[in-house]
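Below you'll find the structure, written out as structure tokens, and then a few comments.
FYI, the numbering just counts along the sequence from 1. Every number for a ligand or one of its atoms is a count from 1 in the order of the listing.
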Amino acid sequence: TTVVAKGRTLRFPEGFVWGAATAAYQIEGAARQDGRGVSIWDTFSRTPGRVADGHTGDVACDHYNRHRDDVRLMRDLGLRAYRFSVAWPRVLPEGAGRVNEAGLAFYDRLVDDLLEAGIAPYATLYHWDLPQALEDAGGWTSRETAYRFAEYAEVVRDRLGDRVKTWLTVNEPWVAAVLGYGIGVHAPGRASAADAFRATHHMLLAHGLAARLLREAGAAEIAITLNLAPVLTPEGLHDPQAPVSAEDAEAVNRIDCLLNRQFLDPALRGEYPREVLEIVERIAGLGHVRDGDLKLIHQPVDLLGINYYTPCVVRARPGAPGSDSYPGSDGIEFSGATGPTTATGWPIVPTALTRLLTRLSRDYPEVGLLVTENGAAFEDVVAGGRVADADRIAFIEGHLRAAYAAIEEGADLRGYLVWSLLDNFEWAEGYHKRFGIVHVDFATQRRLPKDSALWYRDVIARNGLVKDRARRPTLEVVA
Ligand code: GBH
């Protein structure tokens, strides 16, 4: 293992992609504007008791009406890439059939503005805002939804494909399937372990169908984005050499299969892990997995998008009920790691990112790696026209050092996109959790780059990290 000496100048590889990420429902607002249809997140957030304090994405950051200013802000920060998602119900209000020209025109303008600002558009096709009409027809538990997704992907491809070179199909199918269909804390709020497995498979199918038709059109880079995390024992968390009992090793492997390999292996190898098939068969049956599906899911992809926040810590405990988030995890205890956490309570463990990236490059060597999300919520304070978010800077810097160490160890990491550009609608947490490097005053929609944004701008400018952190902000606030 290479220990990266603190204070050394760490220059990232030539052409390393620096950027930021967002998602449509979390920032766009304009929920009823220009013919946008209703998504499952509109329905869910407008249902009392589902989202903290009844917050909704109706207005959010009003990015739909302010995208020009937001692109200017990105340009001033020096971003090389911007990952956004396309809202399916803006493009196809009923999920299928009639195309809403105004919705497509919005993304058309956004892409043009980005290119004019020298920022590469990275388009995610699905970041959880399924059209309600499709949910009413069964949602992701229905195989048909995968085919509707392919039709939608084709419409977007045909409109933006001449300028968008990097495409991400589905974002975090684990979260969308498990939190949405398995335990119901996300839209559409259904709670059935069997449905979560069906939804997972259909989202993977959707990925494969979309990847194939993007390839046909000659897209330069195609990716799937997964929430991935090293699965570790409490002892192994900070000590990779710590001995692991056979029982703990089985627990680690089972959760690794459910969280990571259930997605990685079909997409990148064309097979489900045996351990996953056994669990799925027991809980949901395998009727939804048809001959030829895995071949369809296994499309050549150029990049693996990695959303990393925190590791997953488990140990074997006979008789433990397991976690509802991991159907089939009976006999396993999920323990919170000790040590510092972010405002969402997630332990901060940058070294786990090094382990994740080196493992992925070793086990899936054909695919390039891109961190498509990494970041943190903290209790930000605006004082004197400034947000001095030293904790967020330390978080990002720690993870960039960890990413650098992975590159030194041979991981094929191509870029890093911070989550998120703006404070935004943090799903079930509403607006309470602020992940942005740019502060948003939701009452006035004023944007204020936090110290982390100004620090990140300097990291991008020098393509690396140095000992002396950027000092005082110098960037003008975009009104
Ligand atoms: C992403 O989800 C989303 O893509 C994005 O839209 C969202 O805003 C962002 O992250 C921030 O939440 O076991 O308690 O330590 C990330 C989802 C985060 C789910 C980490 C699992 C583990 C929490 N994942 N989480 S814990």
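In summary, the atoms of ligand 1 found under 4.0 Å from a heavy atom of F435, numbered by their order in the structure, are 11 (C), 12 (O). Near H127, meaning under 4.0 Å from one of its heavy atoms, ligand 1 places the atoms 3 (C), 4 (O), 5 (C), 6 (O). Annotation for ligand 1: atoms under 4.0 Å from non-hydrogen atoms of W427 are 5 (C), 6 (O), 7 (C), 8 (O). Contact atoms of ligand 1 toward E172: 1 (C), 2 (O), 3 (C), 4 (O), 16 (C), 17 (C) (distance under 4.0 Å to a heavy atom of the residue).
Under a 4.0 angstrom heavy-atom cut-off, W128 registers as being in contact with ligand 1.
Inclusion of N424 in the set of residues having an N or O under 3.5 Å from an N or O of ligand 1 is not warranted.
Only the side chain of N171 comes within 4.0 Å of ligand 1, counting heavy atoms alone; its backbone N, CA, C and O stay farther away. Under 4.0 angstrom from ligand 1, there are no non-hydrogen atoms of N227. Looking at E426 against ligand 1, only its side chain comes within 4.0 Å, counting heavy atoms.
Remark: minimum distance from atom 1 (C) of ligand 1 to any protein heavy atom is reached at E373 OE1, 3.1 Å. Atom 19 (C) of ligand 1 has as its closest protein heavy atom V175 CG2, 4.1 Å. Protein heavy atom in closest approach to atom 22 (C) of ligand 1: T310 CG2, 3.9 Å. When hydrogens are left out, the protein atom nearest atom 23 (C) of ligand 1 is W346 NE1, 3.2 Å; that is the closest non-hydrogen contact.
Partners of E379 by side chain to side chain donor-acceptor pair (under 3.5 Å), not counting sequence neighbours: none found.
Look at D34 and R36 and you find no salt bridge, because none of the NZ, NE, NH1 or NH2 atoms lies under 4.0 Å from a carboxylate O. Between R386 and D451, at least one side-chain nitrogen of the basic residue sits less than 4.0 Å from a carboxylate oxygen of the acidic one, meeting the salt-bridge criterion.
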